[in-house]
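Right, one structure below, let's go through it.
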Amino acid sequence: MDLSKLAPSDIVVALRGLERRYQELFEVIEEDESADDLAHRRGADGWAVIDHVVAAAQAIAAANRALYRVLTGDAPSVQPAEVDPTIRPKPVGPTGSVDERLAELGREATAAAERVERVPAGEWSRQATVADGSGRTVTALDIARAAVDAGVGHLRAARDLLASVRGGRTNPW
């Protein structure tokens, strides 16, 4: 997903819509299916849909914390996993129901959206050093975009996995 043109206002809209979009994954479940059962079934890669929901929530929360540090600190640094969701580890044994995990995702995405809304236009270029020894820097805007990337990336993976564990039956969107 090309995020290079994603403006802060678009980031807010995307983050605020994530919980609803994840919930839509489960709207086409048949009467004989259980959302919780389907969400915990593992795919060939070892991931379950619930893992993607939790991973999205964790990545958005990490990006939100990193964004806070960039906006408030002098010479801040961020951990690589805070700005690159592809290197975050898979959640280990998420507990709770799908509804609980979706609500958690909604809270994290809303908190990040609220922070993004409050950032003055001139602050988006503030930088942090990625603490991986590379000397690489990221801007506040890069970090906010990483939150969206994590949420949407895990949404797509969850959609594909849910179709697989349902035997090819998919959500029409």
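- Side chains of D36 and S34: a donor-acceptor N/O pair is absent below 3.5 angstrom, by distance only.
- A pairwise comparison of heavy atoms in H40 and P94 identifies NE2-O, 4.1 Å as the closest pair.
- With values rounded to the nearest 0.5 angstrom, L161 atom CG is found 11.5 Å from R159 atom CZ.
- In this structure, L141 and I11 have side chains that are in contact, with non-hydrogen atoms separated by less than 4.5 Å.
- Summarising the geometry of W124 relative to T139, their closest heavy-atom pair is O-CB, 3.5 Å, with the distance given to 0.1 Å.
- With contacts defined as side-chain heavy-atom distances shorter than 4.5 Å, the pair I60/L18 qualifies.
- Between D51 and R42, the closest side-chain pair of non-hydrogen atoms falls below 4.5 Å.
- For R136 and D132, the salt-bridge test passes: some basic side-chain N is under 4.0 Å from an acidic carboxylate O.
- R145 CZ to S4 OG: the interatomic distance, rounded to the nearest 0.5 Å, is 6.5 Å.
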| Can you list the steps and then say if R69 with E82 is a side-chain contact (heavy atoms from CB on, under 4.5 Å)? | CA-CA 11 Å; R69 285 196 314 280; E82 291 175 314; 2.5 Å; yes
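- Nearest heavy-atom pair, A140 versus L71, reported as atom, atom and distance to 0.1 Å: CB-CD2, 4.1 Å.
- In this pair, H52 and H154 present their aromatic rings tilted. The plane angle is within the 30 to 60° band.
- Between V98 and V53, the closest side-chain pair of non-hydrogen atoms is not below 4.5 Å.
- Summarising the geometry, atom CD belonging to E104 is positioned 11.0 Å from atom CD belonging to E19; distances are rounded to the nearest 0.5 Å.
- Side-chain contact between I143 and V70: present, with at least one pair of heavy atoms (C-beta onward) separated by less than 4.5 Å.
- Summarising the geometry of A55 relative to P91, their closest heavy-atom pair is N-CG, 3.7 Å, with the distance given to 0.1 Å.
- Side-chain contact check for D142 versus V83: every heavy-atom pair is 4.5 Å or farther apart.
- Distance CD/E27 to CZ/R20: 9.0 Å, rounded to 0.5 Å.
- With hydrophobic clusters built from ILVMFWY side chains whose heavy atoms lie under 4.5 angstrom apart, Y68 does not share a cluster with V12.
- For the pair G73 and R126, the tightest heavy-atom approach, listed with the atom from each and the gap, is O-NH2, 2.7 Å.
- Closest of all the heavy-atom pairs between V148 and A14 is CG1-CB, 3.9 Å.
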| task | Evaluate the criterion salt bridge (Lys or Arg N to Asp or Glu O under 4.0 Å) for residue pair R41 and D37; output intermediate values, then yes/no. | result | CA-CA 7 Å; R41 287 188 196 165; D37 177 54; 2.6 Å; yes
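- Taking CG of L162 as the start and CD1 of I50 as the end, the distance is 11.5 Å to the nearest 0.5 Å.
- Residues T129 and V78 fail the side-chain proximity criterion, which asks for heavy atoms closer than 4.5 Å.
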| said: Evaluate T137 against V130 for side-chain contact (heavy atoms from CB on, under 4.5 Å), listing each step before the verdict. | reply: CA-CA 6 Å; T137 61; V130 180; over 6 Å; no
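- One N or O on the side chain of E100 and one on the backbone of S97 form a donor-acceptor pair closer than 3.5 Å.
- Counting only distance, with no hydrogens or angles, the side chain of R101 and the backbone of V54 share no donor-acceptor pair below 3.5 Å.
- For the atom pair L15 CG and R115 CZ, the distance stands at 12.0 Å (nearest 0.5 Å).
- Judged purely by atom type and a 3.5 angstrom limit, Y22 has no side-chain atom pairing as donor or acceptor with the backbone of G106.
- A heavy-atom distance below 4.5 Å is found between the side chains of R16 and E114.
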